[in-house]
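Reminder, nothing fancy here: chain letters follow the sequence lines and each chain counts from 1.
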There are 2 protein chains.
Amino acid sequence: MRKDRRRGPAQAPAHAPAGTQSRTSGGGPGQALLFAALGDETRLKLIARLARGQPQSIVRLTRGSLLTRQAITKHLRVLKRAGLVRCVRAGRESRFELDPRPFKDMEEYLSLVARAWDEALARLKAFVEE
Amino acid sequence: MRKDRRRGPAQAPAHAPAGTQSRTSGGGPGQALLFAALGDETRLKLIARLARGQPQSIVRLTRGSLLTRQAITKHLRVLKRAGLVRCVRAGRESRFELDPRPFKDMEEYLSLVARAWDEALARLKAFVEE
DNA sequence: TTAATATGCAACCTGGAGGTTGCCTGTCAT
DNA sequence: ATGACAGGCAACCTCCAGGTTGCATATTAA
C-alpha cells in the first residue's frame with residue numbers, strides 16, 4: 001500500500017537550489033566514491049603501504065597479502081578510479097603511487113562537517129542561554 | 001594450480017610487530033568501518049542533514065528522500081554502528097544526532113597518511129639530490 | 001477507547017563487490 | 001629464440017548491502 005515514503009514538497013530538490021549542497025570542492029557526488037574506496041581493510045593496507053613512498057608493482061603489493069594478484073589488481077583499480085592512486089607502466093610492470101590531493105579534499109570535507117556541527121551547537125546554546 | 005598468492009616470509013605479520021601498524025588512535029581495523037559508513041550518497045546526505053544541529057527523528061529524515069523509512073532506518077543503523085551518530089528515544093520517536101569525535105579521528109588518520117607521503121617524498125628527494 | 005503516528009522486525013529480492021581460476025599477451029634475461 | 005616474470009581479461013561463484021513489503025508494537029492525541 002506504500003504508506004511511508006516521501007511526503008515532503010513534491011520530490012527532492014532535483015535541481016540543486018544553488019548553495020544548498022555544501023559541496024566541498026566540486027565534490028558532492030564524488031565524495032562518496034572516495035570514502036567508499038577507503039572503506040575496505042585491504043585497500044587501507046595498500047594505501048598505508050603506498051604512503052611509504054616508493055611506487056610499487058602489483059606483484060610487489062601482492063606479496064604478504066594472502067590474496068591473489070588479481071584481487072589486489074581489482075582493489076588497485078578501485079583506488080585508481082577514485083583518484084587516490086596513480087599508475088604508470090614501466091616496462092613489463094605497472095607501478096602504483098599514491099596521489100595525496102584527494103586525501104586533503106576528504107580532510108577538508110570532514111573538517112567542514114565537524115565545523116558545521118560545532119557552529120550549530122554554539123548557535124543552539126546561545127539561543128537557549130539568552 | 002595456484003601460482004600467484006603470497007610468497008613472502010611465511011604469512012602476514014599476524015602478531016603486530018609493535019610499531020609497524022601506524023594506528024591512528026587504536027583505530028586500525030575500525031577505520032575501514034568508518035570510511036565505509038561514509039561511502040554512500042544517502043548516508044552522506046543524512047550526515048549533512050544531521051550536521052545542521054537539531055536531532056532528527058526517522059520520519060523527519062525520511063521526508064524528501066525518495067527512499068522508504070526502513071531504508072533510511074538501515075542507513076542510520078549503519079551510521080550508528082560506526083559510531084558516527086547517536087540515537088536517543090524520546091517518547092515514540094527516536095532522535096538521531098551526530099557525534100563529531102569519529103570525524104576528527106578520520107581527519108587525523110587522513111592527515112597522517114598525507115604526512116607520511118610528504119615525508120617519504122622529501123626523504124627520496126634528499127637522497128637523490130645529495 | 002480509538003485512531004493516527006513513529007518505529008521495529010522479518011522475509012524476500014537483486015545487483016554488484018570481493019575472490020578465484022584459467023588462459024593469453026607483452027617483456028626481460030639468457 | 002625461449003623461458004620465466006608481470007599483467008590483463010573474462011567467466012564464474014558467493015554473499016551481503018540496499019531496498020521493498022507486510023505486519024506487529026509503543027505512544028499520543030482526540
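- Side-chain nitrogen and oxygen atoms of A:S57 include at least one within less than 4.0 Å of the OP1 or OP2 phosphate oxygen of D:dG7.
- If you measure from atom CZ of A:R81 to atom C1' of C:dG16, you get 12 Å, rounded to the nearest angstrom.
- Between A:E108 and A:K104, no side-chain nitrogen of the basic residue sits less than 4.0 Å from a carboxylate oxygen of the acidic one, so the salt-bridge criterion is not met.
- Listed by chain and number, the residues in a side-chain hydrogen bond (donor to acceptor under 3.5 Å, both in side chains) with B:R95 are B:E93 (sequence neighbours excluded).
- Considering only heavy atoms from C-beta on, A:L67 comes within 4.5 Å of A:T42 through its side chain.
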Distance-only donor-acceptor pairs under 3.5 Å for side chains of residues 50-58 of chain B, two or more places apart:
residue : atom : partner : partner atom : Å
B:Q56   : OE1  : B:R60   : NH1          : 3.1
B:S57   : OG   : B:R60   : N            : 3.3

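- Rounded to whole Å, the distance from CD on B:E93 to C1' on D:dA29 is 14 Å.
- Hydrophobic clustering (ILVMFWY, side-chain heavy atoms < 4.5 Å, transitive): A:F96 and B:L121 are in one cluster.
- Side chains of A:L34 and A:L84 form a contact here, defined as non-hydrogen atoms less than 4.5 Å apart.
- For the pair A:R60 CZ and D:dC5 P, the interatomic distance rounds to 17 Å; values are reported in whole Å.
- Contact annotation: side chain of A:R69 to base of C:dG19, donor-acceptor pair absent below 3.5 Å.
- The side chain of B:I58 lies closest to C:dT7 when the candidates are D:dG8, D:dG19, C:dT7.
- Among the atoms of the strands shown, only primed sugar atoms or phosphate atoms (P, OP1, OP2) are found under 4.0 Å from some heavy atom of A:R77.
- Two residues are said to be in side-chain contact when any heavy atoms from C-beta on lie closer than 4.5 Å; A:L98 and B:V113 meet this criterion.
- In this structure, the side chain of A:R123 does not engage the main chain of A:A126 through any donor-acceptor pair within 3.5 Å.
- The shortest distance between side-chain heavy atoms of B:Y109 and A:L44 falls below 4.5 Å.
- Using a 4.0 Å heavy-atom criterion, one finds that A:R95 contacts no nucleic acid atom at all.
- Rounding to whole angstrom units, CD of residue B:E41 and P of D:dA17 are separated by 19 Å.
- Regarding B:H75, its NE2 atom lies at a distance of 8 Å from the C1' atom of D:dG19, rounded to whole Å.
- Residues A:R43 and A:L38 are not in side-chain contact: their nearest non-hydrogen atoms beyond the backbone lie 4.5 Å or more apart.
- In this structure the side chain of B:L110 reaches within 4.5 angstrom of the side chain of B:F35, judged on heavy atoms.
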Each nucleotide N or O in nucleotides 1-3 of chain C that has a protein N or O under 3.5 Å away: list the pair and distance.
none

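- Remark: C1' of C:dT7 and CZ of B:F96 are 10 Å apart, rounded to the nearest angstrom.
- At a cut-off of 3.5 angstrom, the base of D:dG18 holds no donor-acceptor pair with the side chain of B:Q70.
- The base of C:dG8 does not come close enough to the side chain of B:R89 for any donor and acceptor atom to sit less than 3.5 Å apart.
- Of the candidate nucleotides C:dT7, D:dG8, D:dG19, C:dT7 has the atom nearest to the side chain of B:S94.
- For D:dT20, one of the phosphate oxygens OP1 or OP2 lies less than 4.0 angstrom from a side-chain nitrogen or oxygen of B:T68.
- Considering only the side chain of B:K74, D:dT20 comes nearest among C:dG19, D:dT20, C:dT7.
- Contacts of A:D118 classified as side-chain hydrogen bond (donor to acceptor under 3.5 Å, both in side chains), with partners at least two apart in sequence or in another chain: none.
- Counting to the nearest Å, the P atom of C:dT7 and the NZ atom of B:K80 are 13 Å from each other.
- The closest side-chain heavy-atom distance from A:L79 to A:I47 is below 4.5 Å.
- Between B:L66 atom CG and D:dG19 atom P the separation is 10 Å, expressed in whole Å.
- For the helix from C:dT1-D:dA30 to C:dT30-D:dA1, the angle separating the two terminal helix axes comes to 30°, with each axis derived from five pairs and the value rounded to 10°.
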Atom pairs under 3.5 Å: protein N/O with N/O of nucleotides 25-30 of chain C:
residue : atom : partner : partner atom : Å
C:dT27  : O2   : A:R92   : NH1          : 3.4

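- In this structure, A:R43 reaches the sugar-phosphate backbone alone: every heavy-atom distance under 4.0 Å involves primed, P, OP1 or OP2 atoms, never a base.
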